[in-house]
Every structure is written in C-alpha cells, then in structure tokens.
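Naming: A, B, ... by sequence-line order, numbering from 1 per chain. Fair warning: this is a prediction, and the values are worked out from it, not measured in the lab.
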Amino acid sequence: MSNYDSMNKRQKEAVFHTEGPLLILAGAGSGKTRVLTHRIAYMIEEKGVNPWNIMAITFTNKAAGEMRERVDKIVGFGSESIWVATFHSSCVRILRRHIDRLGYDSNFTIYDTDDQKTLLREICKRLEIDTKMIKERAILSAISSAKNELISPVEYELRVMGDYVKKKISQVYKEYQAALKKNNALDFDDLLVKMVELFKACPDILEMYQNRFQYIMVDEYQDTNTVQFELIRLLASKSRNLCVVGDDDQSIYKFRGANIRNILDFESVYPEAYVVKLEQNYRSSKNVLHAANGVIRNNRGRKEKALWTEKDAGNPIHFKQFDEAYEEADYIVRSIKDKKKSGEADYRDCAVLYRTNAQSRLLEERFVMDSIPYQVVGGVNFYSRKEIKDMLAYLKTINNGKDDIAVKRIINVPKRGIGGTTIDRVQAYAIEEGISFYEALQQAEDIASIGKGFVKLQPFVSLIQTYRSKVEYYGLSNLLKDVMEGTGYIKELEESEEEDAEDRINNIQELLNKLIAYEEGKLELGETPSLSEFLEEVALIADIDTTNSDNNRVMLMTLHSAKGLEFPHVYMAGMEDGLFPSYMTITADDKTEIEEERRLCYVGITRAMEDLTLTCAKRRMMHGETQYNAVSRFVKEIPQELLDNKPQQSKQMVERYEEESFERAAFRSKPFETRSAGSFTAKKESDFDFELPTPGNRPKAVLKKAITKEGSKPFIAQNGGVMSGGGIVKGGSMGLGELPYGTGDRVSHVKYGQGQVVQVEKGPRDYQVTVTFDDYGDKVMYAAFAKLQKL
DNA sequence: ATCGCGCAAATTTTT
DNA sequence: TTTGCGCGAT
C-alpha cells in the first residue's frame, strides 16, 4: 500500500487526478518520478484500473529502468503488466508484431548513426553529389528533421521547389528511404515514423492499442518532437487519459527536433486539460535555487514559475576565474581532493559538468595526474567503438543477410584482400538483380565482372554459412567466441602495434560478457535467447544507460548528459562567453537559441544539491589555437550577492580582450574565396556586411542578405574576412616580410601613439613586436596587425 | 589493395 | 588539438 500523506498538496493533486488530460509542470527536483509512480499505484489500488491498461513512456532506458523498479516496489502484484518503456523500444515491440502490414519484414534491423552515414555516403556517390558542397552531416540532419516533422520524401520534394541544395537533399532522402527498405532496416527516427504510419494506415491496429493503453503517461514531455507528439495523440485520442510531465525550462534538445511548443501548447490541444505545477524543490539549497531562478528568469515565453525550498540557504555559490584552462582543471581537482580529505564529500558526490566533450581532456589529464578516480559519461559510446561494431556486424550478418551495411563492414575485416572495386561490382550486380548484397556474394561465381575476385569472396561466404549453421545448437556466446577467434580478428589485434589494441580486445571481451549475461538471464527465465533480440537490445542502448554510480568516482559529463541527475557537489567548468553560451548561439540570427543555452545552464545549476562551483578561464585552447573568453553572461545573471567572488569586468580587460581578438582575426586571415555558405560563395569584401566585435564576441562578417536567398549564418572572421580596429583589412594571407623598423626605432601606432621598439621576435607567421609607448607603456603586438609607422 | 599523408572541420546527441 | 576523409603513391 502506498502512502500519499507524505506528499505535498500539489503532488497529491497530480496523483489523484487520473481521468482526462493532465499536464504536470514539474520543476527540477520537485519529485516528479515519485508523483508518477504513486499515480500509477493510486490508479490500480484506488481506482481499480487494470495494470495492463497503463503505459508509461520515457526517453532513456535508464529512466525506464528506474521507473520500472520504483513501480514494482510500490505496486507489487500485477506491476509487471504495466507497459514501462522508452519511445523507441515501445515502437520496436509493436512494429515487430505488425510491420508486415507496411511491407517490411518483421526481423528488420535498426541502423545507428554510423550505419546511416555509411548508407548516405553510398547514395551520395551514386547520385554524384559533392559532399564538399553539401555536407553529409547537413543532409543527415535535414533528413532527420524531416522525419521528426513527419515529412515524407514526396512531401519534402514538393516543399523544396527551386532551392538547389534542398532539391538534392530531397533526392537523397528518397533514395535513402528506398535503400533502408531494401535492406530491411529502420533508422532511429523511422522507428517512430513507421509506428505513426502503421497506426494511420491500419485503424484496426490503432484501435487495438488504444484499447490496451487507456492510461498513458509521458515523462520529459518538453523533449518530445512532432512524431512523438503525434504518436501519443493517436494512442490517447480514444481514452483521452493522457498525463504528461515536463518542465519547459529544461527543454534542451531543440537541435534534435524537440518541440517546446508541445508542452507550451498542451492546454490548447487539450482544452479540458488540468494543470498542476510542482514548484517545491526537494533537492537544492536556497542559494542554488535562487541562482537557477535568477538565470532562467531572463528567458521569454516560458511558463511562469519559481522553485522554492524549505531547505537552508547553504553555501554561497563559488565563482573563480583563472588565466589558463589548465589552472581551472587543476583547481577543480584540488578542490575535490580537499573535500575528500576533510570528509566533506566523497568522490561519488562530485560531478564536473561542461558544455563540450572536448573539455573533458584537460580535466582527465589532471584527474589521472592526481590519481583521483573519475568516470567520463558520453563521448564515444561503448557500442559505437570500432571493434564492437565489427563484432556486432558479424552477428548481424549471421542473423540477417539483408543488412548490406553490416556485410560490407566486415567483408574485409580482418583483411581478406577484397577491395573497393570488387565490392562495387558485387553491389552493381545486386542492384541489377534486385537482390541483397550478401545474396549477390553467394552467387559470386556468376558475376562476370569480378572474374578472379570470386576466389577471395568464396571463403568469406562459407565462413558466414558455417556460423549460420551453428547458431541453432551452438549457443550465442560460443558463436561470438568463435567469431572472435575464427575470423582472426583477435589475433590481428594481438599482433597489432597499435597503442590501444589491448583496450580493444578488452572491449570485445566485455561485449562477450554482456552477451553471456543476456543468455544466462534468458535461460533463468526459461526463455530462449535469440540473436535478433540481443542485437536489438544493444541497438537501443545509450551510454548514459550503462553508467552506474555504484563506483566511488567523480563523474565528468556534458551538461546535456547531466539532465535528470543530481549531485551534492557540482562544478560547472568553462563558464565563458563563446564556450557557454557557445559562439554558435551568440551569433545566431535566431534569438531563441541563446535561450536554449540558458535552459542548459539552468539544468546544470539545478543538478547541485549542496554546493555549486562555477569556473572559467581567460585563455583556453580551442580548435588548436588560443581563445580569449570573457566571463559567461550567465554568471552575471546570477544574483551577485549569492557569489563568493564577483566576476571582474575592468575596463582594461575589455580593452585587452578587444585588442587580442582583433589580432587573432587578422592573424588567421585567408582569402574570402575559401568561405561558402550553402550554395553561395562569397568572393569579395562587398559581399559581406560587417559588424564590430564586442567583448565576448569575435568580429563578425555576415553575408549580405541581398546575395543569399534567405540570409545565412554569420561568418566569424577567422578565415572569412579580416577585420581590424573598426575597419576592414583586405582578405589574403599575411606572410612574413621585412619589417621597416627594428629594435630601438621610434614608431607610431594608431591607438597608442608614439613609442620605442624594444624587441622584435620572429613567430611562425608574423613578427611579435614589443613597444614601449610613451603614454601606454609596454605592449606586445603582431607586426602585420599593428601597422606601426617608423618615424 | 593498402597505406599514409595532407587538408578541412570541429556544440550539444535521451534512441 | 584531434579527428576523419580523400586521394595519390606503393
């Protein structure tokens, strides 16, 4: 029996409101999972709802697992028939059963991003699309957005009339979908899209599931995209018992298609909706909460709410600015060490959050140096490592010969002397005959064009055939062991000179362990382990799911990965304008982009329970060169009385910053011709509008609107244009030339007036000149930029 | 067929 | 700085 007395008034309201649409606006740390699980229990215990009719949808496997666990605990008997799953795994489950109605085979494979890229590359080659002009990534994200918006290839084509680039993308989209279907594969987006298609095409199936899922709950609703919205809308349209939980202030996945309007407009879509706001926070100290509120307040178009807590004020928010990024890392590590020593915190209580994965390197180095246990979340997913993907490709090939991508991945791994030309010819034959790549391989003898190449293909085909015949009686883990050894893959790694060869072998071993665990788990339940099922599980696993915090380690992760987690001690590193918020969003035309960054900051701050430390550095290496960054505007949005150190903003700093940013811009010059935006390439200065740099922003050159079709993203003046103190310097590289002055000469400078040259140092690309100015003292500057006049 | 060098690009990423 | 890719040389 569950106890509802321990809940606050609002929470109870949400729990007891079981019929009709319900929007729960749950602020960070307001106990929403608790509300959801209690709500389920209440429905079953008090309202007599059949567990079988309840569905709870989450985004991550981890969230689903946690929900499952808590529901099981509180509901007890019958809880296993509650459908608790992620969007994607729900779709897979349903599609496996009915996808034949859409003309797919029910043992379809799921393509991950890597597979998508491989397929895309093939198609671009076939369609003779120059991937330098239209970037692969751009195509992929265009296709993904289209799918997220439920725009079919045909519709897409109709919409893009006239635009050259989009027209090309439309062609690719069409081909890409055709190829997926031919390979009997679905990408991640497809899982949702096909589900919606199925429901729309087969009202009988839709009705079946509408009857089954009479009470639907969706977690993290602010992150849903259009397909997900539609999917839920369809499922709930009969019962209308739809409960969505979310926080518009924590919507940070717009770039992945999440539509914040889904949550903001919930009440207009469901006019009879009941709304509950959970604003009491049980996680953080007052200071942390006030800091978070101070930041998020600056966003427009949000549902007004303010978190409050009964907790004490707690520690002040720590803020520290360093000269160099490594000093920042150093400080964080030292601080954690101190806390551990004094017993204030254990390693597992601390997390370091940052904006970009690249920032983890510097931190890691320090952690290693001080031998402090840490764990990086994210970065390269275990399942996207090369060696793991290779092993899985073998298993996929053995499992489903229709997966061309998998077959091609391992046909020459380890090396079998099968090259691109042979593969292309087999592919051509396969297309001609309308068969899969693997089937073509089996008929290699008949392919006239490959001639003797057939000799190399034969052993590969028989290898796979042998494995296939073994699947039945051999057991999955034995099969994988056989692949590891039998293909010579492990042997190749053992003999390899590569530094990480041993890690790779360990990773494969780890995969084997996971397979064994899967197999044993199944056998314990009295079920038959199946290769397809294992592959499917693996395909839907993300890194965050496998991170267990049982280990006593400091957690390092991006702000995005931190969502949904909490830590007593949180460090937010790299609080710098240009890094966080990123240049991309500062310079974006779309003003709402900065708001998403602000939400990200809000998410970061609200992860902290007791102690929050914000750090930044004046200088940091980014993309291989030193960047000078000002303190993040977000730090300044925090009520300053909460900070133990106030961010400094002296006039000199601004001046120095401006100066250095000019110099850098000038230094990196390249001709205008090197830059292009979409289909247009800028050729001369007059193609740009220029904007002056401001502290925190690099100088900006924007393609003139008149020239581009719909405007374009601004150029940062690094390769595109050269700027100097307010004027435009010609494009073109600056090389080393003779200087018209030397040490001891009197010179004059536009800004600093007259002075004497005290030192001239030859740098890689320019001279560094030190001048003692009469009015300003010593200045070090680059000759090409400074344009000093000899007197 | 394979290797290796040079060039360009580089947020965030629940599945 | 790091990574990934394409192309030219073996």
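What separates CZ of A:Phe634 from C1' of B:dT12 is a distance of 13 Å, to the nearest Å. Spacing between atom CG of A:Leu579 and atom C1' of B:dT12 amounts to 12 Å, rounded to whole angstrom units. Rounded to whole angstrom, the span from the CZ atom of A:Phe87 across to the P atom of B:dT13 amounts to 20 Å. Taking atom NZ of residue A:Lys132 and atom C1' of nucleotide B:dA8, one finds them 9 Å apart after rounding to whole Å. Remark: P of B:dA10 and CD of A:Glu625 are 14 Å apart, rounded to the nearest angstrom. One interatomic measurement links the two molecules: CZ of A:Arg256 to C1' of B:dT12, which rounds to 10 Å at whole-angstrom precision. Taking atom CD of A:Glu136 as the reference point, atom P of B:dA9 lies 13 Å away to the nearest angstrom. The interatomic distance linking A:Ile450 (CD1) with B:dA1 (P) rounds to 11 Å, in whole Å.
A:Ser582 comes within 4.0 angstrom of a base, heavy atoms only. As judged by a 4.0 angstrom heavy-atom cut-off over every strand, A:Arg620 is placed among residues making no nucleic acid contact.
Listed by chain and number, the residues in a side-chain hydrogen bond (donor to acceptor under 3.5 Å, both in side chains) with A:Asn299 are A:Arg598 (sequence neighbours excluded). Scanning for side-chain hydrogen bond (donor to acceptor under 3.5 Å, both in side chains) contacts around A:Arg137 gives an empty result, with sequence neighbours left out. Scanning for salt bridge (charged side-chain N to carboxylate O under 4.0 Å, His left out) contacts around A:Lys415 gives an empty result, with sequence neighbours left out.
Cation-pi geometry between A:Arg619 and A:Tyr326 is not met: the NZ or CZ atom fails to fall both under 6.0 Å from the ring centre and inside 45° of the normal. In this structure, A:Lys194 fails the cation-pi test against A:Tyr104, since its NZ or CZ atom is not both closer than 6.0 Å to the six-membered ring centre and inside 45 degrees of the ring normal. Remark: A:Lys563 fails to qualify as a cation-pi partner of A:Tyr253 under the 6.0 Å distance and 45° angle criteria applied to the six-membered ring.
Here, B:dT13 and C:dG4 have their P atoms 16 Å apart, quoted to the whole Å.
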Dump the pairs, protein N or O against N or O of nucleotides 2-5 of chain B, anything under 3.5 Å, distances to one decimal.
| residue | atom | partner | partner atom | Å |
| --- | --- | --- | --- | --- |
| B:dT2 | OP2 | A:Asn412 | ND2 | 2.9 |

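Taking for each of A:Asp223 and A:Gly624 the nucleotide of DNA chain B with the nearest heavy atom, the 5'-most of the two is the partner of A:Gly624.
Nucleotides of DNA chain C with any atom under 4.0 Å from a heavy atom of chain A span, from 5' to 3', C:dT1 to C:dC5.
Ion pairing between A:Glu328 and A:Arg366 fails under the 4.0 Å rule for side-chain N and carboxylate O. By the 4.0 Å N-to-carboxylate-O rule, A:Arg355 lies too far from A:Glu576 to be salt-bridged with it. Looking at A:Lys32 and A:Asp219, a side-chain N of the basic residue comes within less than 4.0 Å of a carboxylate O on the acidic one, giving a salt bridge.
For A:Asn357, no side-chain nitrogen or oxygen approaches OP1 or OP2 of B:dA10 to under 4.0 Å. Applying the 4.0 Å criterion to OP1 and OP2 of B:dT13, one finds that A:Thr113 has every side-chain N and O outside that range. Proximity of A:Thr585 to the phosphate of B:dT11: no side-chain N or O atom is located under 4.0 Å from OP1 or OP2. Residue A:Thr558 has a polar side-chain atom (N or O) positioned under 4.0 Å from OP1 or OP2 of B:dT13.
In this pair, A:Phe534 and A:Tyr518 present their aromatic rings tilted. The plane angle is within the 30 to 60° band.
Ring stacking holds between A:Phe255 and B:dT12, with the centres under 5.5 Å apart and the planes within 30 degrees of each other.
Between the side chains of A:Tyr489 and A:Glu387, no donor-acceptor pair of N or O atoms lies under 3.5 Å. For the residue pair A:Gln222/A:Glu220, the side-chain donor-acceptor check at 3.5 Å is satisfied.
Taking a 4.0 Å limit (strictly below) on heavy-atom distances, residues 358-369 of chain A does not reach DNA chain B anywhere.
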